[in-house]
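Right, one structure below, let's go through it.
Just so you know, these numbers use all the heavy atoms, side chains as well, and skip hydrogens, waters and symmetry mates. First the proteins, then the strands, lettered A, B, ... as listed; each starts at 1. Bear in mind the structure is a predicted one, so any value in this text is a computation, not a measurement.
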There are 2 protein chains.
Amino acid sequence: MALAHALLASLLVDGACSGYDLVKRFDESISCYWMASHQQIYKELRDLEKQGWVSSETIAQTGRPNKNLYSITALGQEHLAHWILTPSVPTVIREDLMIKTLAGFLVPNLAMLDELKRRRQIHLDKLAVLKEIERQEFPQVAALSREQKFCYLSIRRGIRYEADWVAWCEEAIALLAEE
Amino acid sequence: MALAHALLASLLVDGACSGYDLVKRFDESISCYWMASHQQIYKELRDLEKQGWVSSETIAQTGRPNKNLYSITALGQEHLAHWILTPSVPTVIREDLMIKTLAGFLVPNLAMLDELKRRRQIHLDKLAVLKEIERQEFPQVAALSREQKFCYLSIRRGIRYEADWVAWCEEAIALLAEE
DNA sequence: TATTCCATGTAAGACGTTACATGATTGA
DNA sequence: TCAATCATGTAACGTCTTACATGGAATA
């Protein structure tokens, strides 16, 4: 149910846009916290409009398909604020690599080391992207407005998450390389 | 599809048991990496048996319901090993609190601080449990067998994950408390 | 000439959650 | 006596993934 809220938050923070643009936003930055396919996003936007939480306007275009521009409504903002005030529990974790790690002794050590190194690189790459965003958009942490602080904290969560994965991969590689 | 592999890994590492016991294992330790309800687990075990990856034996009991004791088969081990060797991608993240953080300026500062403190405590509690397991079961890291190293690394992942959440909560609380 | 971009959608199936159900036994 | 434990299940519903579809415009 929270895809709805992720969409509302994006429309609120980064402004009105089309479903297509939301797909890109999710692919780029929001995917740090919420993953969604275009099928899900388009469908959810239609549902949100039925609820009155977003409104849409069809923009006629020449040379390319028309698009629906979605905006969050006042009702949508109220709904989002109300949801934010509802206590939530940590997301359930379902991490393939941890299951593989539990039973990792079934396969050759080098195979596990390869997988861990591959995984470390994935997180290093994501980390580099996020750090660049941090450097460019938040050069002066002391001078942030309240709204900017929240964006900053979101990026910080992503940075910590990726850095933490890298650190664990390093630890695991070091321990298994002892063999 | 990886719930199947989580079940196989548990039966392999911690030995044969009933669905009921697997539910408990998932509630206690495995939930760090894989969450599952009893309905899912019972159903998946039946499916795994159809595939020939586990075998079951009905244990007649007096004074309490009969139980089905599940064991991983040789075929199941092969399948698990094969899956481990298949490269996998990081789990998609869907984290309510991050969406709330993005749009957190919609609600009073104290409300967000409360939610962050509540959240920090949840992770502190989980962290304490995991650290206790680490202390009791892995007192001497240098002397671990290959199989034990993998268990140790799983616990380490959980510890890092929870500690990382705590650290982020601290950072967020500090930044928002400035107001 | 082939691929990617723009922009949106349907449909089937897998996976997960929530609610409901049973019934004896053990412990507070 | 009330709740929790043991032990397993069905059913309805919601969410997510995967596959398939369209068709012009711009770019390599």
**Request:** Please report the closest heavy-atom contact between B:C32 and B:L130, naming both atoms and the distance.
**Result:** SG-CD2, 3.7 Å
**Which residue lies more 5' along DNA chain D, comparing A:H38 with A:T62 via nearest heavy atoms** = A:H38
**Message:** Between A:D164 and B:R157, does any NZ, NE, NH1 or NH2 come within less than 4.0 Å of an OD or OE carboxylate oxygen?
**Reply:** yes
**Side-chain ion pair, B:E171 and A:R160, N-O less than 4.0 Å** = yes
**Complete:** When rounded to whole Å, the CG to C1' distance for the pair B:N66 and C:dT25 reads 15 Å
**Asked** When you match B:R64 and A:Y42 each to their closest nucleotide on DNA chain C, which lands nearer the 5' end?
**Response** A:Y42
**Request:** Could you tell me the separation between the CD1 atom of A:I41 and the P atom of C:dA7, rounded to a whole number of Å?
**Result:** 15 Å
**Asked** Distance check: side-chain N/O of B:Y20 vs OP1/OP2 of D:dT8, anything under 4.0 Å?
**Response** no
**Message:** Between P on C:dG16 and CD on B:E44, what's the gap in Å once rounded to a whole number?
**Reply:** 8 Å
**Asked** Are B:R46 and D:dG9 close enough that a side-chain N or O sits under 4.0 Å from OP1 or OP2?
**Response** yes
**Prompt:** Is B:R46 paired with B:E49 through a side-chain N to carboxylate O contact shorter than 4.0 Å?
**Reply:** no
**Value in whole Å for how far the P atom of D:dG14 lies from NE2 of A:H5** = 16 Å
**B:L69 CG to D:dT8 P, straight-line distance once rounded to whole Å** = 10 Å
**Message:** Assess whether a salt bridge exists between A:E134 and A:K131, defined as any Lys/Arg side-chain N lying under 4.0 Å from an Asp/Glu carboxylate O.
**Reply:** no
**Message:** Starting the side chain at C-beta, find the nucleotide from D:dC6, D:dA7, C:dG16 nearest to B:K67.
**Reply:** D:dA7
**Under the 3.5 Å Watson-Crick or G-U criterion, the dot-bracket string of DNA chain C, with | for inter-strand pairs** = ||||||||||||||||||||||||||||
**Fill in**
A:K43 atom NZ is separated from C:dA11 atom P, nearest whole Å, by 13 Å
**Message:** B:E162 vs B:I122, test: side-chain contact (heavy atoms from CB on, under 4.5 Å). Steps then yes/no.
**Reply:** CA-CA 9 Å; B:E162 301 301 339; B:I122 290 174; over 6 Å; no
**Euclidean distance, atom CG of residue A:D21 to atom P of C:dC5 [Å, nearest integer]** = 14 Å
**Prompt:** Given D:dT17, D:dC6, C:dG16, which nucleotide is nearest the side-chain atoms of B:P65?
**Reply:** D:dC6
**Item:** Between P of D:dG14 and CD of B:Q40, the distance in whole Å
**Value:** 18 Å
**B:W168: partners by ring pair (Phe, Tyr, Trp, His ring centres under 6.0 Å), with sequence neighbours left out** = B:W165
**Request:** Using a heavy-atom cut-off of under 4.0 Å over every strand shown, decide if A:Q61 touches base, sugar-phosphate, or nothing.
**Result:** sugar-phosphate
**Asked** Which nucleotide in the set D:dT17, C:dT17, C:dC6 lies at the smallest distance from any side-chain heavy atom of B:V92?
**Response** D:dT17
**Message:** Side chain of A:Q39 only, heavy atoms from C-beta on: which candidate in D:dA21, C:dC6, D:dT18 is closest?
**Reply:** D:dT18
**Message:** So, applying side chain to side chain contact (heavy atoms under 4.5 Å, CB included) with A:W34, which one of B:V92, B:I99, B:L102 is it?
**Reply:** B:I99
**Prompt:** Between A:A36 and B:K24, which has a closest nucleotide on DNA chain D that is more 5'?
**Reply:** B:K24
